There are 2 protein chains.
Amino acid sequence: MKISEVSEQSGLSVDTLRYYEKVGLLPPITRTNGGIREYTEADIKRIDFIKCMRTAGLPVDVLTEYFALVEQGDETIEARKEILQTQRTRLVAMIAELQDTLALLNSKIEGYEDALLQAEQELTDSY
Amino acid sequence: MKISEVSEQSGLSVDTLRYYEKVGLLPPITRTNGGIREYTEADIKRIDFIKCMRTAGLPVDVLTEYFALVEQGDETIEARKEILQTQRTRLVAMIAELQDTLALLNSKIEGYEDALLQAEQELTDSY
DNA sequence: TTAACACCTGGAGTTAACTCCAAGTCAAGG
DNA sequence: CCTTGACTTGGAGTTAACTCCAGGTGTTAA
């Protein structure tokens, strides 16, 4: 798969894909004779995982560290697990916070609905 | 309340508080004769609201626009409601995404737990 | 009244994560 | 073969949201 196709499919820009490779978030992608990147299925899967974690606010350098550990093989399983657990804790806290914010937003919106309703009422009353 | 106390209480740095004022996220804070900021209860409440929305990823300029509308009085209620509704939609989508990511993270962690268990098993087997 | 410390300003610097650019190479159709 | 369009690189530029700094002023306790 060529870079433009991967970009299309993943929603990440070609610049971002090359940037991810530069900072070690993606492995060195294999090339055709002419030097053009050819993404494998495994690369695509990794990109999906990265995308998911990035939208959850997991920083690029944490992910880079994680993949570096993956490269190092089975001895790093414990360390990798810890990284993921730390991020899980962060995520759980974040979801809770977002839900609080959502509740606040809902009550604000409701407040505005009441205000609008009342304004309308007053308009009607003036007849 | 002085800026350092507000900082302490809100968890925002004094620099951030001054920055928020500069970009119009906070109104011009009233000053003592000497020119030192004296935050009112209303300011504190607004800071709490801002903090909540910022941690939910609501951009500073959207919030600035929102408060500018608040200044303009009742005619802008409809517009303000729309801003909040847009953000609510964004938030709901975000929470859903985070929950998906959390599920993925959980299954990855479980995978590592199995791997560790198996490694231990093999260690025991070797006796 | 002076030391020490918190506060002020305007403006420069930082960080993360891209995003863009110039100048060049590769691939495919006519 | 030549053009057109996608690909390459290294490196510079951008954006949001702070964060820091220098040089100065206000405040308070000994």
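As the structure is a computational prediction, the values presented were derived from the model and not from experiment. Chain naming here is simple, since letters A, B, ... match the order of the sequence lines and numbering starts at 1 in each. Only heavy atoms go into these numbers, but all of them, side chains included; no hydrogens, no water, no symmetry mates.
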Please determine, by modelled atom types, if A:Asp61 and A:Thr64 share a side-chain donor-acceptor pair under 3.5 angstrom. no
Between B:Tyr112 and A:Arg80, does any side-chain donor sit less than 3.5 Å from a side-chain acceptor? yes
Taking only residues two or more places apart in sequence or in another chain, which ones pass side chain to side chain donor-acceptor pair (under 3.5 Å) with B:Thr55? none
Spell out protein contact along nucleotides 3-20 of chain C as letters: B when the base is contacted, S when just the sugar-phosphate is, - when no protein heavy atom is under 4.0 Å; keep the 5' to 3' order. ----SSB-B-----BBBB
Atom pair CG (B:Leu26) and CG (B:Asp43), whose distance is rounded to the nearest 0.5 Å: 7.0 Å
Just how far, in rounded Å, is C1' of D:dA6 from CE of A:Met1? 16 Å
Ignoring hydrogens and angles, write down the donor-acceptor pairs under 3.5 Å from the side chains of residues 15-25 of chain A, residues two or more places apart or on other chains.
unit_1: A:Thr16; atom_1: OG1; unit_2: A:Ser13; atom_2: OG; d: 2.8
unit_1: A:Glu21; atom_1: OE1; unit_2: A:Arg37; atom_2: NE; d: 2.7
unit_1: A:Glu21; atom_1: OE2; unit_2: A:Ile29; atom_2: N; d: 3.2

